[in-house]
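Reviewing the structure listed below.
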Amino acid sequence: MCSRLRVSVLRTQGQVPARVTESFILSGYRLEFSFTQCLISAFRPTNETGNFWTHFLGLFVFAFHFWELFDHGSRASLLEPFLYPYWSYCVGVGGLLVVSSMAHLFNSMSLLIREICFFIDYGTISVYTVSSSLCYYYYIHHGGQCQGAPATPSQLDSWFEMLYIPCTCLIALLCTMFCCNTRIIWRRHRYTIRTLVFLLPFTISSSPVFYKLYTGTQRSGDTLAFFTRHCFWLLASAIFNISKIPERFCPGKFDIVGHSHQWFHFCTFMSILDELHMIKGEMKIFRTELGPSPTFLHTFGVLLCLQCCTAALITWFSVQAVSTHRISKSQ
């Protein structure tokens with residue numbers, strides 16, 4: 001089997017279909033690897049190896065910092081309602097990191113599997129944005145109200161209460177649909193579309209933080225510091241994803257290590273880590289002063305509903321990919 005893996009040599013850009021190639025990446029491509037060969041390729045120098053490890057190892061770093069909240073003498077039950085949004089966030093981030101790393105590891109099994117892997121990847125990104133919105137809603141929006149923040153006009157406040165979570169869910173589904181479409185009809189500008197499309201959910205999800213910073217009602221300087229760094233890392237990830245730096249200036253030199261998608265992964269993970277620190281800081285301040293108590297239905301129930309809708313979207317696009325794949329094979 002090792003000999004077969006050596007025979008299935010890594011290919012150059014001209015030896016793989018155009019749908020597999022990445023801009024300015026000239027070598028290190030895998031094609032039609034078996035499941036076992038994909039697993040082994042995680043320990044070989046391919047152009048996907050760094051993409052896999054930057055998120056797979058990040059999962060353990062996130063788990064350490066996530067669990068750190070419970071290592072300071074807290075006697076609270078891990079299942080108390082106060083923690084429901086926090087656990088929902090864990091599900092969202094964990095799903096994002098696991099699915100992203102697996103998509104990069106197994107996408108070379110076939111062209112069809114490649115498409116489906118990344119459809120699922122886009123779906124988990126959308127679920128993550130909603131899971132973070134749940135934390136913003138309960139720990140930042142309602143937490144600020146408990147500290148006597150200036151009251152917003154009652155009508156505006158009621159509209160926000162009613163529409164914030166549904167809007168984040170709707171935008172998440174739209175983002176999934178747009179990103180999946182970039183693999184079908186918008187391939188030429190796929191990097192720009194995928195990057196810009198997720199600026200909208202970030203803006204909507206972060207509105208409670210923007211409001212508190214605008215009104216000066218944030219609880220501590222840590223909130224501003226972590227949120228500023230969160231925004232910085234997101235901006236850096238967007239720049240790497242669109243610009244294709246550094247491989248744009250030295251095609252072929254960064255095929256295995258140091259290309260833009262690896263830096264994109266690193267920056268997105270760092271943004272998540274700073275977001276986690278911000279959420280943990282807000283939780284510690286308002287642990288006993290939270291407004292409405294989170295419920296299972298309004299946290300995990302929201303995520304489950306979103307995941308069902310996302311799964312339906314992914315299934316629809318996967319069916320389209322299967323049809324396209326059959327047509328191309330027949331031709």
Side-chain angles (χ1 to χ4, degrees), residues 1-58 97-122 125 179-180 182-184 186-195 236-270 321 324-325 328-329:
M1 201 250 292
C2 289
S3 63
R4 282 207 313 272
L5 187 57
R6 286 195 294 270
V7 169
S8 61
V9 293
L10 301 179
R11 309 191 186 193
T12 62
Q13 190 179 70
Q15 296 174 322
V16 295
R19 299 182 68 85
V20 176
T21 62
E22 299 291 338
S23 301
F24 312 108
I25 301 296
L26 306 184
S27 64
Y29 290 97
R30 304 169 301 158
L31 185 65
E32 296 183 350
F33 274 35
S34 68
F35 179 84
T36 303
Q37 287 173 325
C38 286
L39 286 176
I40 296 174
S41 71
F43 304 96
R44 297 187 66 212
T46 77
N47 57 27
E48 288 281 27
T49 304
N51 295 337
F52 167 75
W53 287 109
T54 46
H55 268 178
F56 188 72
L57 291 179
L97 296 177
V98 169
V99 170
S100 174
S101 56
M102 293 301 107
H104 284 288
L105 185 61
F106 293 111
N107 68 65
S108 64
M109 294 180 68
S110 73
L111 293 178
L112 178 59
I113 290 177
R114 179 183 179 85
E115 299 300 300
I116 295 174
C117 279
F118 288 114
F119 289 158
I120 299 173
D121 188 22
Y122 303 146
I125 295 173
C179 285
C180 288
T182 62
R183 307 197 71 82
I184 300 175
W186 299 327
R187 289 187 55 79
R188 183 176 180 182
H189 303 289
R190 59 191 183 276
Y191 302 119
T192 303
I193 292 173
R194 291 171 196 166
T195 302
S237 69
I239 292 173
F240 278 117
N241 201 38
I242 294 176
S243 68
K244 296 302 166 185
I245 294 173
E247 65 267 22
R248 173 181 293 273
F249 301 117
C250 300
K253 298 296 185 181
F254 299 95
D255 290 355
I256 307 301
V257 178
H259 60 75
S260 59
H261 202 81
Q262 294 171 8
W263 287 109
F264 167 72
H265 274 203
F266 173 77
C267 291
T268 53
F269 175 73
M270 292 302 296
T324 302
H325 184 68
S328 62
K329 285 185 69 175

* **Ring centre gap for Phe43 and Trp53 strictly below 6.0 Å** => yes
* Straight-line distance of Phe118 CZ to Thr182 OG1, nearest 0.5 Å -> 11.0 Å
* **Between His259 and Gln262: side-chain donor-acceptor atoms closer than 3.5 Å** => yes
* Asked: Have Thr195 and Thr192 got a donor and an acceptor in their side chains that come within less than 3.5 Å?
  -> no
* Asked: Does Ser41 use its side chain to pair, donor to acceptor, with the backbone of Arg44 at less than 3.5 Å?
  -> no
* Asked: Is there side-chain contact between Ile245 and Ser260, with at least one heavy-atom pair below 4.5 Å?
  -> no
* Asked: Has the side chain of Asp121 got a donor or acceptor atom that lies under 3.5 Å from a matching backbone atom of Cys117?
  -> no
* To do: Could you pull out all residues at least two apart from Phe52 that satisfy ring pair (Phe, Tyr, Trp, His ring centres under 6.0 Å)?
  => Phe56
* Asked: NZ of Lys244 to CZ of Phe264: how many Å apart, nearest 0.5 Å?
  -> 8.5 Å
* Would you please name every residue forming a salt bridge (Lys or Arg N to Asp or Glu O under 4.0 Å) with Arg114, sequence neighbours left out? => Glu22
* Checking Arg248 side chain against Ser23 main chain: does a donor-acceptor pair fall under 3.5 Å? -> no
* **Distance flag, aromatic centroids of His104 and His55, threshold under 6.0 Å** => no
* Pairs involving residues 250-268, ordered by first then second residue, that meet salt bridge (Lys or Arg N to Asp or Glu O under 4.0 Å) (sequence neighbours left out) -> none
* Compare every heavy atom of Cys38 with every heavy atom of Leu105, then report the nearest pair and how far apart it is. => CD1-O, 3.1 Å
* **Rounded distance (nearest 0.5 Å) linking atom CD1 of Ile239 with atom SG of Cys267** => 9.0 Å
* Give the intermediate values and the outcome of side-chain contact (heavy atoms from CB on, under 4.5 Å) for residues Phe106 and Leu39. => CA-CA 8 Å; Phe106 293 111; Leu39 286 176; 3.6 Å; yes
